[in-house]
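Below is one structure, written out as structure tokens; comments come after it.
One is the number of the first residue; the rest follow in order along the sequence. Since we're looking at a predicted model, the values are computed, not measured.
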Amino acid sequence: MHRTQIILEDWQYQVLRARAEREGRSMSAVVRDILQTALSPPAGQKSRLGEIGGMGEDTASYGRDHDQYLYGEDAD
């Protein structure tokens, strides 16, 4: 984990503090959960980078094909 500082609007701080107290958790734990939800791909959807996993094992793929795997068929 990394320690960091953020600056919040007054209303954001109040809402965050109230939620942490209501849930009996630290404000840091609540922020981590919010970030996890916001930064994770939707359920059932793989990240685009994860979709190229194993690409090196495909003998029909070439290095020039990486944009197609990352961005789709229209990447040309």
Side-chain angles (χ1 to χ4, degrees):
M1 280 197 209
H2 296 275
R3 183 182 194 105
T4 190
Q5 284 184 302
I6 59 171
I7 298 173
L8 302 171
E9 299 287 338
D10 288 336
W11 70 269
Q12 293 169 324
Y13 177 82
Q14 295 301 327
V15 170
L16 183 61
R17 189 171 120 204
R19 180 172 167 178
E21 287 179 12
R22 184 175 61 250
E23 296 177 5
R25 301 182 329 152
S26 69
M27 289 175 57
S28 293
V30 173
V31 168
R32 284 192 298 271
D33 283 350
I34 291 169
L35 288 172
Q36 180 68 34
T37 301
L39 300 177
S40 296
Q45 178 183 351
K46 291 199 271 182
S47 72
R48 298 296 289 180
L49 189 56
E51 291 179 12
I52 67 170
M55 186 173 99
E57 297 169 7
D58 184 353
T59 58
S61 293
Y62 297 97
R64 66 179 179 266
D65 296 334
H66 70 280
D67 281 344
Q68 178 183 352
Y69 288 102
L70 286 172
Y71 307 113
E73 296 292 329
D74 298 332
D76 297 330

(request) Mind checking the CD-CD spacing from E21 to E23? Nearest 0.5 Å is all I need. (result) 11.5 Å

(message) Assigning hydrophobic clusters by single linkage (Ile, Leu, Val, Met, Phe, Trp, Tyr; side-chain heavy-atom cutoff under 4.5 Å), is L8 placed with L39?
(response) yes

(message) Please find the pair of heavy atoms, one from M27 and one from L16, that lie closest to each other, and give the distance.
(response) CE-CD2, 3.7 Å

(request) May I ask whether V31 and W11 are part of the same hydrophobic cluster, defined by side-chain heavy atoms of I, L, V, M, F, W, Y residues being less than 4.5 angstrom apart, directly or through others? (result) no

(message) Could you walk me through whether I34 and R19 satisfy the side-chain contact (heavy atoms from CB on, under 4.5 Å) test, starting with their C-alpha distance in whole Å, then the side-chain angles of each, then the deciding distance to 0.1 Å, before giving a yes or no?
(response) CA-CA 11 Å; I34 291 169; R19 180 172 167 178; 3.7 Å; yes

